[in-house]
Amino acid sequence: MRQGSIPGVRGRVRPLTLFGDPVLHARCADVTGFGPELSRLVEDLFATMYASEGVGLAANQVGESLRVFVFDCPDDEDVRHLGHVVNPRLVTADGVTVRGPEGCLSLPGLEAGTERYDHAVVEGFTATGEPVTIDGTGFFARCLQHETDHLEGRVYADRVTGLRGRRLMRQVARAPWHR
């Protein structure tokens, strides 16, 4: 394998933004420049995601309020999906609604049953400005919806309601990382 072909190998690990930080609760700005700074951000996102043992990471989770996310996520057939999307737009979320365990690097150590569709399609661009369409099913569809939510200023905890939601918020309040 040639040097630099693994995403994130040239990136730096950035500190994660934790639940409660305002950057996680505001819509991120569209990317307007497709140059070296954006490529560095994508590399940093991969490096941070791998260091944190995640399957996806949005730019606002490292404090950058820009519409970018990366992923290295399997689907339900254990097929690996690896990539990134700039200025993503969730164009389809359909199929069966499945409640499954969902966690987030910005809420470390916590998870809750969260309802998501089992099929999702995201359109956007690569870091070089090329159009891209990503079609996901199962767990990968959950990942695409989760990361797109981040860029809209939502975290999975916003989707958890009722008793499960109240229980999750009590866990957040007791978490050692919570402010």
Novice: My understanding is that only residues two or more places apart in sequence, or in another chain, count here; which of them pass salt bridge (Lys or Arg N to Asp or Glu O under 4.0 Å) with Arg164?
Specialist: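 Not a single residue meets the salt bridge (Lys or Arg N to Asp or Glu O under 4.0 Å) criterion with Arg164.
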Novice: In the hydrophobic clustering that connects Ile, Leu, Val, Met, Phe, Trp and Tyr at side-chain heavy-atom distances below 4.5 Å, which members other than Leu41 occupy its cluster, ordered by chain and number?
Specialist: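 Grouped by the 4.5 Å side-chain rule, Leu16, Val31, Phe34, Leu38, Val42, Leu45, Phe46, Met49, Tyr50, Leu57, Val62, Leu66, Val68, Val70, Leu82, Val86, Leu105, Phe125 form the rest of the cluster around Leu41.
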Novice: Below 4.5 Å, heavy atoms only, C-beta onward: do Asp149 and Tyr156 meet side chain to side chain?
Specialist: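 A side-chain contact is absent here, since even the closest heavy-atom pair is not under 4.5 Å.
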Novice: Considering all heavy atoms of both residues, which atom of Gly124 and which atom of Val85 are nearest to each other, and what is their separation?
Specialist: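 The pair with the smallest heavy-atom distance is CA-CG1, 3.9 Å.
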Novice: According to salt bridge (Lys or Arg N to Asp or Glu O under 4.0 Å), who are the partners of Glu147, at least two apart in sequence or on a separate chain?
Specialist: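 Glu147: no salt bridge (Lys or Arg N to Asp or Glu O under 4.0 Å) contacts found.
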Novice: Using a 4.5 Å cut-off on heavy atoms from C-beta on, say whether the side chain of Phe71 contacts that of His81.
Specialist: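 Result yes, sub-4.5 Å side-chain heavy-atom pair found.
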Novice: Measure centre to centre between the rings of Phe140 and His146, then say whether the value is under 6.0 Å.
Specialist: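 Ring centroids of Phe140 and His146 are no less than 6.0 Å from each other.
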Novice: Can you see which heavy atom on Ala173 is nearest to which on His178, and at what distance?
Specialist: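 Of all heavy-atom pairs spanning Ala173 and His178, the closest is CA-ND1, 4.2 Å.
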Novice: Name the one of Val122, Val121, Asp135 that satisfies side-chain contact (heavy atoms from CB on, under 4.5 Å) with Val91?
Specialist: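 The passing option is Val121.
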Novice: Return yes if some donor-acceptor pair links the side-chain N/O of Asp76 with the main-chain N/O of Phe139 below 3.5 Å, else return no.
Specialist: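 Yes, the answer is positive, given that a donor and an acceptor are paired below the 3.5 Å cut-off.
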Novice: Give the intermediate values and the outcome of side chain to side chain contact (heavy atoms under 4.5 Å, CB included) for residues His150 and Cys104.
Specialist: CA-CA 10 Å; His150 270 302; Cys104 180; 3.4 Å; yes
Novice: Looking at every non-hydrogen atom in both residues, tell me the closest pair between Thr17 and Gly63 and how far apart they are.
Specialist: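 Heavy atoms of Thr17 and Gly63 come nearest at OG1-N, 3.0 Å.
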Novice: Can you run down the salt bridge (Lys or Arg N to Asp or Glu O under 4.0 Å) pairs that involve residues 99-111, sequence neighbours left out, and say none if there aren't any?
Specialist: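 For residues 99-111, and leaving out neighbouring residues, the salt bridge (Lys or Arg N to Asp or Glu O under 4.0 Å) pairs sorted by first residue read Arg99-Glu115, Glu102-Arg116, Glu102-Arg142.
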Novice: How about Arg27 and Leu151: do any of their side-chain heavy atoms sit closer than 4.5 Å?
Specialist: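 No, side chains not in contact.
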Novice: Are Pro88 and Glu123 side-chain neighbours, meaning at least one heavy-atom pair lies under 4.5 Å?
Specialist: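 Heavy-atom side-chain distance check fails, nothing below 4.5 Å.
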Novice: Just by modelled atom types, is the Leu18 backbone N or O under 3.5 Å from a matching donor or acceptor in the Asp21 side chain?
Specialist: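 Not at all, since once roles are kept as given, no pair shorter than 3.5 Å links the two residues.
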Novice: Can a donor-acceptor pair be found, under 3.5 Å and without considering hydrogens, that links the side chain of Asp75 to the backbone of Asp78?
Specialist: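 Pair found, side chain donor or acceptor close to backbone of Asp78.
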Novice: Ignoring hydrogens and angles, tell me if any N or O in the side chain of Thr137 forms a donor-acceptor pair with the backbone of His119 under 3.5 Å.
Specialist: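 Here the side-chain-to-backbone pair does not exist.
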Novice: Quick check: does any side chain N or O of Gln145 sit under 3.5 Å from a backbone N or O of Tyr117, one acting as donor and the other as acceptor?
Specialist: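 Confirmed, Gln145 side chain pairs with Tyr117 backbone.
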Novice: How close do Gly153 and Asp158 get, counting heavy atoms only, and between which atoms?
Specialist: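 For Gly153 and Asp158, the tightest heavy-atom pair comes out as O-OD2, 4.2 Å.
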Novice: Is there a chain of hydrophobic side chains (I, L, V, M, F, W, Y, each step under 4.5 Å between heavy atoms) that links Val132 to Phe69?
Specialist: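 Looking at the clustering, Phe69 is in the same group as Val132.
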Novice: What is the minimum heavy-atom distance between Thr114 and Ala112, and which atoms define it?
Specialist: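 Looks like OG1-O, 3.0 Å.
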Novice: Apply side chain to side chain contact (heavy atoms under 4.5 Å, CB included) to residues Val172 and Leu110 and explain how you reach the verdict.
Specialist: CA-CA 8 Å; Val172 167; Leu110 303 179; 3.6 Å; yes
Novice: State whether the side chain of Ser65 and the backbone N or O of Asn60 hold a donor-acceptor pair below 3.5 Å, judged by distance alone.
Specialist: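 Not confirmed, Ser65 side chain does not pair with Asn60 backbone.
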Novice: Spell out, as yes or no, whether a donor-acceptor pair under 3.5 Å connects the side chain of Asp72 to the backbone of Gly56.
Specialist: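 Checked: no pair found.
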Novice: Could you tell me whether a side-chain N or O of Thr126 sits under 3.5 Å from a main-chain N or O of Thr128, the two making a donor and an acceptor?
Specialist: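 Side chain of Thr126 to backbone of Thr128: a pair is present.
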Novice: Can you name the salt bridge (Lys or Arg N to Asp or Glu O under 4.0 Å) partners of Arg166, sequence neighbours left out?
Specialist: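 Checked Arg166 against salt bridge (Lys or Arg N to Asp or Glu O under 4.0 Å); zero matches.
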Novice: Would a 4.5 Å heavy-atom cut-off, applied to side chains only, mark Arg67 and Cys28 as touching?
Specialist: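 Yes, at least one pair of side-chain atoms sits under 4.5 Å.
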Novice: Under the salt bridge (Lys or Arg N to Asp or Glu O under 4.0 Å) test, which residues partner Asp44, sequence neighbours left out?
Specialist: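 Salt bridge (Lys or Arg N to Asp or Glu O under 4.0 Å) check on Asp44 returns Arg12, Arg14.
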